[in-house]
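Before any comments, here is the structure.
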2 protein chains.
Amino acid sequence: MASRAPRPERREEPLSRERIVEAAIELLDTAGEGGLTFRALADRLATGPGAIYWHIAGKDELLTAATDAVVARALTPDPAGTQPQEAIRALALGVFDAMDAHPWIGTQLARAPAQSPLLRVFEGIGCQVQALGVPHAAQFTAASALLNYILGVGGQNAANARGHRPDTSRAEFLDTVSASWANLDPDEFAFTRSVAGQLRDHDDRAEFVAGIDLILTGITAHTG
Amino acid sequence: MASRAPRPERREEPLSRERIVEAAIELLDTAGEGGLTFRALADRLATGPGAIYWHIAGKDELLTAATDAVVARALTPDPAGTQPQEAIRALALGVFDAMDAHPWIGTQLARAPAQSPLLRVFEGIGCQVQALGVPHAAQFTAASALLNYILGVGGQNAANARGHRPDTSRAEFLDTVSASWANLDPDEFAFTRSVAGQLRDHDDRAEFVAGIDLILTGITAHTG
DNA sequence: ACCTGAACACCGTTCAAGT
DNA sequence: ACCTGAACACCGTTCAAGT
């Protein structure tokens with residue numbers, strides 16, 4: 001009665017770090033954050049769980065490598081000559097879109113110590129902050145603020161993705177949350193109730209950029 | 001040879017949801033995010049793992065309840081009559097200090113769906129954003145930006161706390177990271193290298209408020 | 001050098017049995 | 001009603017044995 005697992009593809013190529021990471025990304029995308037186990041991964045690669053350890057030290061390294069690969073793809077170098085503000089928006093949107101397509105990297109980035117690939121994002125933002133003419137002493141704060149905002153959004157995206165069934169549409173989800181906000185106690189949650197409507201109609205991506213722009217306004221306020 | 005576990009305190013009071021949550025907070029604080037298991041918790045409460053399930057649905061609910069309790073304590077109502085900007089700073093710092101004392105809530109808040117206790121923070125921020133005179137259409141964006149920034153910082157704090165041994169001092173940790181930044185490839189990480197010094201000397205808490213102020217500047221830029 | 005898969009030391013969770 | 005603790009179905013990880 002035990003149904004056969006979806007038969008693993010014939011393994012022609014030998015195992016490699018890259019094939020393992022690629023399979024892990026697929027598993028995370030299709031089965032969610034809880035779906036990545038060494039056994040499931042080994043099944044997909046038509047091998048035993050132990051084989052993976054020859055190429056990867058452990059689960060932490062696997063998760064980091066998977067996040068690294070996805071973020072690296074998102075960080076295509078922007079065309080030279082763009083204005084700093086536009087370049088920052090492009091960079092941030094690149095990360096946002098990657099987090100939208102692979103919600104699990106939101107969780108992962110929030111957990112990653114200040115190492116690659118987070119550092120690459122920080123570097124990219126920082127360069128443009130410099131280009132904006134922000135005084136040196138304020139550059140660290142400015143770049144950190146932008147990065148932390150991006151990470152916060154990513155975490156929330158990941159949490160929301162975990163929160164509902166993958167088949168419920170975005171609009172459906174927003175409707176549900178919006179309705180629950182509208183039903184909150186008016187004494188305790190006056191503000192939240194008042195923006196419940198905005199939540200229902202909002203566009204995640206536009207909202208995300210609006211936040212970036214808000215911070216950019218703050219960064220450049222004293223710069224001219 | 002197996003050393004006795006630190007003997008559980010005599011259990012005089014009956015088990016209760018509150019005692020369980022309190023013990024969970026202690027365990028998370030002392031043993032870290034990985035230290036909270038139903039078995040360890042049961043030991044501390046001088047009972048079996050199954051007993052806990054009579055009071056709490058499962059681990060997710062336990063984690064949520066623990067975070068809820070800690071955040072609730074941090075959100076003491078600020079004295080009436082404070083300026084909105086100051087009230088937002090106080091609110092944010094309350095959350096920051098809580099995350100500093102209990103790094104695991106950084107992870108937890110980043111994971112929490114838009115439910116309590118996150119919602120209470122959002123509500124508090126939103127009220128003050130209203131008080132700032134931000135137009136209604138922009139209030140949601142403004143409050144979200146602040147909240148997401150706070151969550152991002154919390155996630156990084158938690159990641160850093162996980163990253164090093166609990167006995168290494170803050171200064172030691174910053175020294176290590178700063179040194180590793182200073183050793184990065186100058187071609188790829190010019191900006192990051194240039195702020196390595198600022199990282200070593202910075203004050204987390206002051207840096208956090210500086211970020212809040214940056215966003216507040218952006219929020220009020222078009223308001224007068 | 002690389003792969004295999006049984007085995008180990010854990011988890012969260014359940015549940016029959018007790019009081 | 002509440003507690004107990006063995007048992008179940010998992011995990012990540014290791015490792016002797018194979019090729």
Side-chain angles (χ1 to χ4, degrees), chain A residues 1-25 27-28 30-67 104 107-108 111 162, chain B residues 1-25 27-28 30-67 104 107-108 111 162:
Chain A
M1 212 51 195
S3 61
R4 274 228 166 287
R7 66 174 163 324
E9 296 158 23
R10 297 161 294 137
R11 179 146 63 83
E12 288 155 3
E13 318 158 60
L15 223 48
S16 72
R17 201 187 149 87
E18 284 136 46
R19 285 194 62 229
I20 292 172
V21 171
E22 225 46 52
I25 292 173
L27 211 42
L28 286 161
T30 54
E33 306 188 30
L36 179 65
T37 69
F38 276 80
R39 273 165 253 256
L41 191 55
D43 271 2
R44 257 176 183 261
L45 294 165
T47 181
I52 297 165
Y53 284 86
W54 186 261
H55 302 273
I56 300 243
K59 190 161 189 181
D60 274 351
E61 190 180 309
L62 180 58
L63 244 8
T64 303
T67 308
W104 49 272
T107 314
Q108 212 44 41
R111 297 177 51 93
R162 246 190 323 265
Chain B
M1 213 50 195
S3 62
R4 274 226 168 289
R7 65 176 164 320
E9 295 157 25
R10 300 159 293 138
R11 177 145 63 84
E12 286 155 5
E13 317 158 63
L15 224 46
S16 73
R17 199 186 150 88
E18 283 137 45
R19 286 195 60 231
I20 293 171
V21 170
E22 225 47 51
I25 292 173
L27 211 43
L28 285 161
T30 55
E33 307 187 33
L36 178 65
T37 69
F38 277 79
R39 273 165 254 256
L41 191 57
D43 271 3
R44 258 179 183 259
L45 294 166
T47 181
I52 296 164
Y53 284 87
W54 186 261
H55 302 273
I56 301 246
K59 191 161 189 182
D60 274 352
E61 190 180 310
L62 179 57
L63 245 7
T64 303
T67 308
W104 49 272
T107 313
Q108 212 44 40
R111 298 177 50 92
R162 244 191 325 264

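Quick note on labels: first sequence line is chain A, next is B, and so on, each numbered from 1. The structure presented is a predicted model; accordingly, all values stated were derived computationally and were not measured. All values below were derived from every heavy atom in this structure, side-chain atoms included, with hydrogens, water molecules and symmetry-related copies excluded.
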How long is the line joining [atom1] of [X] and [atom2] of [N], in whole Å?
X: Glu61(B); N: dT13(C); atom1: CD; atom2: P; value: 11 Å
X: Arg17(B); N: dC2(D); atom1: CZ; atom2: C1'; value: 17 Å
X: Arg39(A); N: dT14(D); atom1: CZ; atom2: C1'; value: 12 Å
X: Tyr53(B); N: dA6(D); atom1: OH; atom2: C1'; value: 15 Å
X: Leu63(B); N: dT13(C); atom1: CG; atom2: P; value: 11 Å
X: Asp43(B); N: dG5(D); atom1: CG; atom2: P; value: 11 Å
X: Trp54(B); N: dG18(C); atom1: CH2; atom2: P; value: 17 Å
X: Ile52(B); N: dC2(D); atom1: CD1; atom2: P; value: 16 Å

Position toward the 5' end of DNA chain D (nearest nucleotide), Ala51(B) or Phe38(A):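 The residue closer to the strand's 5' end, by nearest nucleotide, is Ala51(B).
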For the [atom1] atom of [X] and the [atom2] atom of [Y], what is their distance to the nearest 0.5 Å?
X: Thr67(A); Y: Ile25(A); atom1: OG1; atom2: CD1; value: 8.0 Å
X: Leu27(B); Y: Trp104(B); atom1: CG; atom2: CH2; value: 10.5 Å
X: Leu28(B); Y: Leu62(B); atom1: CG; atom2: CG; value: 7.5 Å
X: Leu36(B); Y: Leu41(B); atom1: CG; atom2: CG; value: 6.0 Å

For Leu41(A), which contact category applies under a 4.0 Å heavy-atom criterion: base, sugar-phosphate, or nothing? nothing
Toward the 5' end of DNA chain C, which comes first, Ala57(B) or Gly34(B), by nearest nucleotide?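 Its nucleotide being nearer the 5' end, the pick is Gly34(B).
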Among dC3(D), dG12(D), dT13(C), which nucleotide sits nearest the side chain of Thr37(A)? dG12(D)
Nucleotide nearest Pro49(A) when distance is taken to its side chain, options dA6(C), dC3(C), dT14(C): dA6(C)
Taking all non-hydrogen atoms of both residues into account, name the closest pair between Glu61(A) and His55(A) and its distance.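 Taking every non-hydrogen atom into account, OE2-O, 4.5 Å.
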Pairing partner of dA1(C), by Watson-Crick or G-U wobble and under 3.5 Å for both distances, is dT19(D)
Under a 3.5 Å cut-off for both contacts, is dA9(C) paired Watson-Crick or G-U wobble with anything, and if yes, with which nucleotide?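 Here dA9(C) is not engaged in any pair, so there is no nucleotide opposite it.
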